[in-house]
*Asks:* 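My questions all concern the structure below.
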Protein chains: 2
Amino acid sequence: MPRNRRLQDREEKREEILAVAQRLFIDDGYESTSMGRIAEHAGVTVNTIYWYFRDKDDLLIAVLDRLLAEALAQYATITDRPLNERLLWAVDRLERLHGLVNTVHTRASVSPAVHTWHTGFHELADSLIADALRNAGAAEADIPAMTAIGTFVIEGLLTHRYDDADKRAVIDLLVHKLTTVPTQA
Amino acid sequence: MPRNRRLQDREEKREEILAVAQRLFIDDGYESTSMGRIAEHAGVTVNTIYWYFRDKDDLLIAVLDRLLAEALAQYATITDRPLNERLLWAVDRLERLHGLVNTVHTRASVSPAVHTWHTGFHELADSLIADALRNAGAAEADIPAMTAIGTFVIEGLLTHRYDDADKRAVIDLLVHKLTTVPTQA
DNA sequence: ACCTGAACACCGTTCAAGT
DNA sequence: ACCTGAACACCGTTCAAGT
C-alpha cells in the first residue's frame, strides 16, 4: 500500500516537527525559538517546515491543540473532585505552559488565526467553569460574572508565579467567597 | 548658560523620542513598532535613539514609567470614591494600554530590566489594592489572597475585552462577594 | 509530493568616523 | 557630547530548482 505508507510517513514527519516545536516553545519560549532552530532539531531544512505548516503561528496553533487535547483528556478523570481541587489541578497542570499563555495573548492581536483559536479556547474554558460553578451551587444570575472571575484568577496564577501555599489560599478564598451566600456584616 | 541650555536640549530630545515611542507602542504595539519607525517619526537616525536609551526594552520602561506616573496622579484625585468605582475607573483608564500589559509580561521573561519593573509595579499595585480592601472592611487575614484576586480580575478585564455592562457586573459581583461576610447557604 | 539552496526584506544593535 | 553611514548577525518567509 504505497498510498497508506506515504500518508503515514507524512503524519510521522509532521508529528516530529510538532514535538520539537512544542518542546522548544515551552522550554525556551515562542519568541526565542527561531524556525531555524526547530528545523535543526527536527533534522530538516527551514523550508520543509513550511511544507507542513503555513507559518510560525500555524505551528503554534498545532502545538496548542495538541496540549489542549491532552489536558482535556486528563481533566475528564477528575471531574468528580470538589471545585477548588479542580481549579488547583488546572493551575498546577498548566503552570509549565505559562509562557504560552502570554504568547497566545500577544500573537492573538497580530494573527487572525491565533485570535480565532484564543476565542474558541475561552468559550470552551468558560463552559467548563460555568458547569463547575453550577454544580457547586452558585446562583444562576451570577454565573457569567463568576466565570469571568474564575478564568482571570486561573490566568493570573499561571502568569504570575505564586508558591503552592499562596495558590491554594487564593483559590480556597475565591471558591469560599463565590459559593457561599453573603449577608451584610 | 550654555550648560543649562545643553541640558534642556538633551531633555527635550529625549522627551520627543519618548513621546513618539509611547504613541507607536500604544497604537501599533511594541513588537510591530521597529526602532527604525520610531527614529523616522522622531526625525533622527536609529543610532541616535541608542544614545539616549540603552536598548528597546529600556525605551519601553521609560514609556511605562511615564504612563504610570500620569495614572497615579489621576488616581490620587478619586481616592474617596467607593471601591467598585475605583476598580472600574482603573480598568477604563488602563484599557487603552491593554497591549502593553501583555508586552510587559512577555518582555519580563526575557529582559531582566523589564522583569524588575514588573515586580515593582505589582508591589505598588498590591499595596494600593490592599489599602482599598482594608478601607472597605475586608478581614485582615484574607487581604493578601483578596489582593491577588483583585489584581488578576483587573488584568483579565484589561487583556480580554468586555463591554461596559459586563465589566461593571464582574467588578460589582467581585466587590460584593469579597467585602460582605459569608454564611453557609 | 516532498525537499533544498539561495535569496528577500526586515529586525535590533554596534562601531568607527565625523562635528 | 552628540549624531551618522554602514555594517553585523539574525529573523520569518518565499521561490525556482531539484527528485
*Asks:* How many whole angstroms separate atom CG of A/L60 from atom P of D/dG12?
*Replies:*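 After rounding, the gap between these two atoms is 13 Å.
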
*Asks:* Which distance, rounded to the nearest 0.5 Å, do you find between the NZ of B/K13 and the OH of B/Y52?
*Replies:*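 Spacing of NZ (B/K13) from OH (B/Y52) equals 5.5 Å.
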
*Asks:* According to the Watson-Crick and G-U wobble definitions, with both distances under 3.5 Å, which nucleotide is paired to D/dT19?
*Replies:* C/dA1

*Asks:* Go through the steps for B/L100 and B/L94 under the test side-chain contact (heavy atoms from CB on, under 4.5 Å), then give the verdict.
*Replies:* CA-CA 10 Å; B/L100 285 183; B/L94 302 176; over 6 Å; no

*Asks:* If you check every side-chain atom of A/V46, which of D/dT4, D/dT13, C/dC3 has the closest atom?
*Replies:*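 Nearest nucleotide to the side chain: D/dT13.
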
*Asks:* If you check the A/T45 side chain, which of C/dG12, C/dT4, D/dT4 turns out closest?
*Replies:* C/dT4

*Asks:* Given atom CD1 of B/I38 and atom P of C/dG12, what is their separation to the nearest angstrom?
*Replies:*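 It works out to 8 Å between those atoms.
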
*Asks:* Whole-Å distance between D/dC3 P and B/R14 CZ?
*Replies:* 13 Å

*Asks:* Looking at B/Y50, I'd like to know whether one of its side-chain N or O atoms comes within less than 4.0 Å of OP1 or OP2 on D/dC3.
*Replies:* no

*Asks:* Assign B/T33 to base, sugar-phosphate, or nothing according to its heavy-atom contacts below 4.0 angstrom with the strands shown.
*Replies:*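 B/T33: backbone/sugar contact only, no base atoms under 4.0 Å.
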
*Asks:* Not counting sequence neighbours, which residues clear salt bridge (charged side-chain N to carboxylate O under 4.0 Å, His left out) with A/R168? List them please.
*Replies:* A/E85

*Asks:* Between C/dT13, D/dT13, C/dC3, spot the one nearest the side chain of A/D55, thanks.
*Replies:* D/dT13

*Asks:* With both distances under 3.5 angstrom, what nucleotide forms a Watson-Crick or G-U wobble pair with D/dA7?
*Replies:* C/dT13

*Asks:* On DNA chain C, nearest-nucleotide positions of A/N47 versus A/W51: which is more 5'?
*Replies:* A/W51

*Asks:* In whole angstrom, what separates B/K13's NZ from D/dC3's C1'?
*Replies:* 8 Å

*Asks:* Specify the separation, in whole Å, of atom CZ of A/F53 and atom P of C/dC3.
*Replies:* 12 Å

*Asks:* Between B/T48 and D/dT4, does any side-chain N or O lie under 4.0 Å from OP1 or OP2?
*Replies:*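 B/T48 to D/dT4 OP1/OP2: side-chain N or O found under 4.0 Å.
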
*Asks:* In whole angstrom, what separates B/E31's CD from C/dC10's P?
*Replies:* 18 Å

*Asks:* Taking the six-membered ring for Trp, is the centroid-to-centroid distance between A/H105 and B/H105 below 6.0 Å?
*Replies:* no

*Asks:* Output the rounded distance in Å from NZ (B/K56) to C1' (C/dC10).
*Replies:*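 Going from B/K56 (NZ) to C/dC10 (C1'), I get 12 Å.
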
*Asks:* Distance check: side-chain N/O of A/S34 vs OP1/OP2 of D/dC10, anything under 4.0 Å?
*Replies:*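 No, A/S34 has no side-chain N/O under 4.0 Å of OP1/OP2 on D/dC10.
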
*Asks:* Nearest 0.5 angstrom please: B/L173 CG to B/L178 CG, how far?
*Replies:*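 It is 9.0 Å, given to the nearest 0.5 Å.
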
*Asks:* Figure out the OH/P separation between B/Y52 and C/dT13, and round it to whole Å.
*Replies:* 18 Å

